[in-house]
Amino acid sequence: MDRVLLLCVILLLVRCYNMAILVDATIPNIATDESALLALKFGISHPNPDHNILASNWSTNTSVCNWIGVTCGSRHHRVIALNLSYMGLEGAIPQSLSNMSSLERIGLAFNGFSGYIPSSLFNISTLQAIDLGVNKLSGPMPSILFNMPSLQWINLYSNELSGRLPTDTFNHLPNLKRLQLSRNRFYDGLPSTLFSCKQLQDLSVWTNHFTGRVPPAIGNLTMLKKLYLAENNFAGAIPNEIGHLQNLEDLNIGVNHFSGPIPFEVFNISTLQVIRGVKKNR
Ligand SMILES: *[C@@H]1O[C@H](CO)[C@@H](O)[C@H](O)[C@H]1NC(C)=O
Ligand SMILES: *[C@@H]1O[C@H](CO)[C@@H](O)[C@H](O)[C@H]1NC(C)=O
Ligand SMILES: *[C@@H]1O[C@H](CO)[C@@H](O)[C@H](O)[C@H]1NC(C)=O
Ligand SMILES: *[C@@H]1O[C@H](CO)[C@@H](O)[C@H](O)[C@H]1NC(C)=O
Ligand SMILES: *[C@@H]1O[C@H](CO)[C@@H](O)[C@H](O)[C@H]1NC(C)=O
Ligand SMILES: *[C@@H]1O[C@H](CO)[C@@H](O)[C@H](O)[C@H]1NC(C)=O
Ligand SMILES: *[C@@H]1O[C@H](CO)[C@@H](O)[C@H](O)[C@H]1NC(C)=O
C-alpha cells in the first residue's frame, strides 16, 4: 500500500517536472533573451579582437542585465533595450534577435554591421525605436506586415540598402515619428502608404536614387518639422500642398529635377527656419 502511494507521488512529481519544463520552453523569459544575445555575440567580431568588449563583458557568469549595452525592465524581468552603438563591431544581425520579445529599443548605430536586416526584427511588437544608422547593411528595407503601434523611430541612415521601399509597410506604423533613410541606394517612388504616417515629424530620404513626383498627399503629414528630399531624382512640380505643413522648420529639396518654383505658400509657414533648394551643378 505504502509503495503504491509512493509510486503515485513519484509519478505526480515527474509529471509536474515535465510540465515545468514545458512552461519554461514556451513562455519567453530572461533565458530566451540570454540565448538570443549569445547568438549575436558569437556572430560579432572587432577588427582589433582586444577591443571586442562583448567578448569579456558578456559573460554567462553574470545576469544579462549586467551586460554592457543591455537594459532590463523592472516590472517583467526581460531585456527592454539593447544599445551597442559606437563599439566598432562587425558581423551580421541574427534573425534570432527577434526572440527578445520585450525589446523596446535597438541601437546598433555607428558600427560595421553588414548583411541583410532580418525581417523578423520588425516582428517585435513592443519595439519603439530601431536605430541601425551608419553601418554596412545591404539588401532591402524589410516589409512590416502587421500593426506596430509602438514604433516611433526607424533610422537606417548611411548604409548600403537598396531596392524599392516596401509598399505594404507604412500603413502599419500609425505612430511613426522619425523615418531616416538618407544616404542609401533606394530607388523608385515614395510609396503612397507613406503619407498615411500622420505622426511623422522627420522624413529624411536625401541622397538616394528616388524618382517620380512628390504627391500632393505630402500635405497630409502636417506634423512634419523636417523634410529632407535633397540629392535624388524627384521630378515634376513641387506640390503646393507643402504649404499645408504648418509645423515645418527645415525643408531641403535641393539637387533634384523639380520644375517650376517653390510654391509661395511655403514662405508663409511661420515655423520655417531653413529652406534649402539651391541647384548645384551636377
Ligand atoms: C529563437 O526562437 C526559436 C523559436 O522558439 C528557437 O528555435 C531558436 O533556437 C531561438 N534562437 C536562439 C538563438 O535562442
Ligand atoms: C560589463 O560592463 C558593465 C558596464 O560597463 C559593468 O558594470 C560590468 O561590471 C561589466 N562586467 C564584466 C563581467 O566585465
Ligand atoms: C566564471 O566563473 C568561474 C568560477 O568563478 C571562473 O572560473 C571563470 O573564469 C568565469 N568565466 C568568465 C568568462 O568570467
Ligand atoms: C543608443 O545610445 C546612444 C548614446 O550612446 C544614443 O544617442 C542613442 O539614441 C541610443 N539608441 C537608442 C535606439 O536608444
Ligand atoms: C512574424 O510574425 C508573424 C505572426 O506571428 C508570423 O506569421 C511571421 O512568420 C513572422 N515573421 C518573421 C520573419 O519572423
Ligand atoms: C490625405 O488626407 C485626406 C483628407 O483627410 C484623405 O482624403 C486622403 O486619403 C489622405 N491621403 C493619404 C495618402 O493618406
Ligand atoms: C499667409 O498667412 C497669413 C496670416 O496667417 C494669411 O492671412 C494669408 O492668407 C496667408 N497667405 C497665403 C498665401 O497662404
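Positions are given from 1 along the sequence. Ligands are counted one by one from 1 in listed order, and the atoms in each one are counted from 1 as well.
- Salt bridge Asp33/Arg78: present, at least one basic N to carboxylate O contact under 4.0 Å.
- Among protein residues, Asn83, Ser85, Arg105, Ile106, Gly107, Asp131, Trp153 come within 4.0 Å of ligand 4, judged on heavy atoms.
- For Asp131 and Arg105, the salt-bridge test fails: no basic side-chain N is under 4.0 Å from an acidic carboxylate O.
- Within 6.0 Å of atom NZ in Lys177, more than 12 heavy atoms from other residues, nucleotides or ligands are found, so the atom counts as buried in its surroundings.
- Of all atoms in ligand 1, listed by their number and element, those nearer than 4.0 Å to a heavy atom of Asn99 are 1 (C), 2 (O), 3 (C), 8 (C), 10 (C), 11 (N), 12 (C), 14 (O).
- Of all atoms in ligand 1, listed by their number and element, those nearer than 4.0 Å to a heavy atom of Ala39 are 13 (C).
- The aromatic rings of His46 and His51 sit perpendicular, their planes meeting at an angle over 60°, well past the 30° parallel limit.
- Shown here for Thr32 and Ile27, the closest heavy-atom pair between the two residues is OG1-O, 4.5 Å.
- In this structure Phe113 satisfies the ring pair (Phe, Tyr, Trp, His ring centres under 6.0 Å) test with no other residue, sequence neighbours excluded.
- Of all atoms in ligand 2, listed by their number and element, those nearer than 4.0 Å to a heavy atom of Ile68 are 2 (O), 5 (O).
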TODO: Determine, step by step, whether Ser120 and Gln95 satisfy the side chain to side chain donor-acceptor pair (under 3.5 Å) criterion, reporting the C-alpha distance in whole Å, the side-chain angles of both residues, the deciding distance to 0.1 Å, and the verdict.
DONE: CA-CA 6 Å; Ser120 58; Gln95 286 274 352; 2.8 Å; yes
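- The salt bridge (charged side-chain N to carboxylate O under 4.0 Å, His left out) contacts involving residues 142-169 comprise Arg164-Asp188, where partners must be two or more places apart or lie in separate chains.
- No donor-acceptor pair under 3.5 Å is formed between the side chain of Asn135 and the backbone N or O of Ser114.
- Counting heavy atoms closer than 4.0 Å to ligand 1, residue Ser35 contributes atoms from both its backbone and its side chain.
- Using a 4.0 angstrom heavy-atom cutoff, Asn66 counts as in contact with ligand 2.
- Residue pairs meeting the disulfide bond (SG atoms under 2.5 Å apart) criterion with at least one member in residues 65-128, sequence neighbours excluded, are Cys65-Cys72.
- Which parts of ligand 1 touch Ser96 is read off a 4.0 Å heavy-atom cut-off, strictly below it: atoms 11 (N), 12 (C), 13 (C).
- Of the polar atoms of Asn57, at least one N or O is found under 3.5 Å from an N or O of ligand 2, judged by distance alone.
- Considering both main-chain and side-chain atoms, Thr32 never comes within under 3.5 Å of ligand 1 through any nitrogen or oxygen pair.
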